[in-house]
Every structure is written in C-alpha cells, then in structure tokens.
Amino acid sequence: MQYWLMKSEPDIFSINDLKNRPQQTESWDGVRNYQARNFMRDQMRKGDLVLFYNSSCKEVGIAGIAQVVKESHPDLSALDKESSYYDAKATQDEPRWYMVAIKWKKTFKRIISLAELKKYQELKDLKLLQKGNRLSIMPVSQNDFEFILNLE
DNA sequence: GCCAACGTTGGC
DNA sequence: GCCAACGTTGGC
C-alpha cells in the first residue's frame, strides 16, 4: 500500500464536493502533467490512501483523506472540445491522459496548513515542502502520512 | 497582482 | 539534442 498527496483548488473541487458525489467518489480528471499522470497510470493502486490538499486558496493545506477505489482509466475530458481540459492530441485509441477514482474517507476537523507543515523537522523530506515543487500528485512516505494524521 | 520555479514547445 | 521563449503553477 502506498500513500499520496493530491492537490485541488477548493473553489473548483473541494473535499466536500467529493463527499457529496454519488458513492462519495470522483474520477480525478483534468491532470495534464506527465509526471502526475504517470503516478496515476502506473503506480496508484486500489486501497492507497490520499491526502487531499487545498491549493490556490485562502487556507492552503491538507483538508482530509481519500482512498483510491478505481485504478487507471482514460480521462475522456481530453476528447471533449467543450472542456477546458481538451487536448487536441488525445484520441480514442491513444487517450494520452489517465486518471484514477478516489473516494472520500475523512474531512479533518481543521485544515492542517502549509505553514504548519513547514514547521516540523520530521516532514523535511515531504515532497510538498520542497522548493519549486509544482506537482499536483505526489507520493508520500508512510511515516510522513502517519505523522500528518496525528496532527489533526 | 507579483514572481520564482518549473514544464512544454518548437526552431535550428 | 539544445535551448530560448513562452505558459502555468501556486504561495504570498
């Protein structure tokens, strides 16, 4: 079992939105970065746990936990000309972009803010905190994951 | 709104 | 394959 962090702009899709979906589940469409795609396509497995991170908003930080419930499948929003995620280079045969589905598991009682996370020496290896990291999906070590759970 | 840092594109 | 130019991310 592996652990991950996934970023979302809460104004666009929040952890509450996830909780309110049918089956509290959503396919993570719209990722258009190869490294992030490769994590979803090649490494994320059913049962993996995910830190749900709020980015580009008033309170940036970790909002809760989700779980991978469906492994890699094509992100067909890339084929939809009306979608802001449209990619002219994606086709039915070569979908180019892939996603996993995650299910809501827990909303933290408080947002564990980015500023707070930065304070802990224990989290110095957390990729989120490393300089210039803009990945929207990244692996998290089991130790870091458990440390963060205990901060709530 | 600023801007550092990174990713992608495309000419050569 | 290099690299400049451009676009995007995302914290502040």
Side-chain angles (χ1 to χ4, degrees), chain A residues 2-21 26-44 48-68 71-102 104-141 143-152:
Chain A
Q2 296 181 88
Y3 302 88
W4 305 92
L5 181 145
M6 295 169 93
K7 295 180 185 173
S8 184
E9 298 186 25
D11 295 342
I12 296 171
F13 190 77
S14 72
I15 193 160
N16 249 348
D17 293 331
L18 179 62
K19 190 179 179 183
N20 291 330
R21 284 294 144 118
E26 176 80 351
S27 280
W28 205 253
D29 64 353
V31 169
R32 296 294 177 266
N33 167 283
Y34 290 106
Q35 252 185 295
R37 177 203 68 181
N38 292 349
F39 285 136
M40 289 198 286
R41 191 189 58 187
D42 305 332
Q43 293 193 41
M44 295 178 83
D48 286 359
L49 292 172
V50 175
L51 298 170
F52 193 108
Y53 179 84
N54 289 353
S55 71
S56 297
C57 61
K58 268 190 216 152
E59 239 187 327
V60 294
I62 297 168
I65 308 286
Q67 185 165 39
V68 177
E71 293 178 12
S72 173
H73 51 293
D75 177 357
L76 298 179
S77 68
L79 302 179
D80 177 6
K81 283 192 175 154
E82 305 298 309
S83 169
S84 54
Y85 302 135
Y86 177 68
D87 178 355
K89 291 178 182 164
T91 65
Q92 285 281 354
D93 289 343
E94 291 285 336
R96 188 146 122 139
W97 301 109
Y98 293 84
M99 58 191 176
V100 298
I102 62 171
W104 176 86
K105 203 144 165 60
K106 177 175 193 181
T107 300
F108 288 158
K109 295 187 201 79
R110 65 186 185 97
I111 304 274
I112 301 169
S113 73
L114 181 60
E116 179 180 349
L117 294 173
K118 284 177 176 169
K119 286 188 202 162
Y120 299 109
Q121 174 67 16
E122 291 91 333
L123 295 177
K124 66 179 166 32
D125 293 329
L126 186 66
K127 284 197 169 58
L128 177 73
L129 303 182
Q130 276 151 30
K131 194 180 170 186
N133 179 21
R134 301 184 320 176
L135 267 182
S136 63
I137 298 175
M138 66 193 82
V140 174
S141 72
N143 278 346
D144 289 352
F145 185 89
E146 285 169 1
F147 185 85
I148 289 165
L149 279 199
N150 287 326
L151 294 175
E152 189 193 353

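Chain identifiers are assigned alphabetically (A, B, ...) following the order of the sequence lines, protein sequences preceding nucleic acid strands; residue numbering begins at 1 within each chain. Values below: all heavy atoms of this structure, side chains included; hydrogens, waters and symmetry mates excluded.
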Does the pair A:Asp87 and A:Arg32 meet the rule for a salt bridge (Lys or Arg N to Asp or Glu O under 4.0 Å), with working shown? CA-CA 9 Å; A:Asp87 178 355; A:Arg32 296 294 177 266; 5.3 Å; no

Can you sort out which residues in residues 122-132 of chain A have a heavy atom within less than 4.0 Å of DNA chain B? Ascending by number, please. A:Lys131, A:Gly132

Any idea how A:Phe145 and A:Tyr3 line up, ring-wise: parallel (<30°), tilted (30 to 60°), or perpendicular (>60°)? tilted

Take A:Asp80 and A:Tyr85 through the side-chain contact (heavy atoms from CB on, under 4.5 Å) test and state the conclusion after the steps. CA-CA 8 Å; A:Asp80 177 6; A:Tyr85 302 135; over 6 Å; no

Show, in sequence, the C-alpha distance, side-chain angles and deciding distance for A:Leu114 and A:Leu129, and conclude whether the side-chain contact (heavy atoms from CB on, under 4.5 Å) test is met. CA-CA 8 Å; A:Leu114 181 60; A:Leu129 303 182; 3.6 Å; yes

A:Ile137 vs A:Leu5, side-chain contact (heavy atoms from CB on, under 4.5 Å): CA-CA, chis, key distance, verdict: CA-CA 6 Å; A:Ile137 298 175; A:Leu5 181 145; over 6 Å; no

Donor-acceptor pair, side chain of A:Ser56 and main chain of A:Glu9, under 3.5 angstrom: no

As a quick check of understanding, evaluate ring-ring contact (aromatic ring centres under 6.0 Å, His included) for A:Trp28 and A:Tyr98, giving each step before the final call. CA-CA 9 Å; A:Trp28 205 253; A:Tyr98 293 84; over 10 Å; no

As an exercise, state the distance from OG of A:Ser14 to CG of A:Asn20, rounded to the nearest 0.5 Å. 7.5 Å

How is A:Lys58 classified with respect to the nucleic acid when contacts are heavy atoms under 4.0 Å: base, sugar-phosphate, or nothing? nothing

For DNA chain C, the residues among residues 83-95 of chain A that have a non-hydrogen atom under 4.0 Å from it: none

Using the benzene-type ring in the case of Trp, are the ring centres of A:Phe52 and A:Trp4 under 6.0 Å apart? no

Protein-nucleotides 7-10 of chain C N/O pairs under 3.5 Å:
unit_1, atom_1, unit_2, atom_2, d
C:dT8, O2, A:Arg134, NH1, 2.5
C:dG10, OP1, A:Lys7, NZ, 2.9
C:dG10, OP1, A:Arg134, O, 2.8

A:Ser27 OG to A:Met40 CE distance, which is reported to the nearest 0.5 Å: 9.5 Å

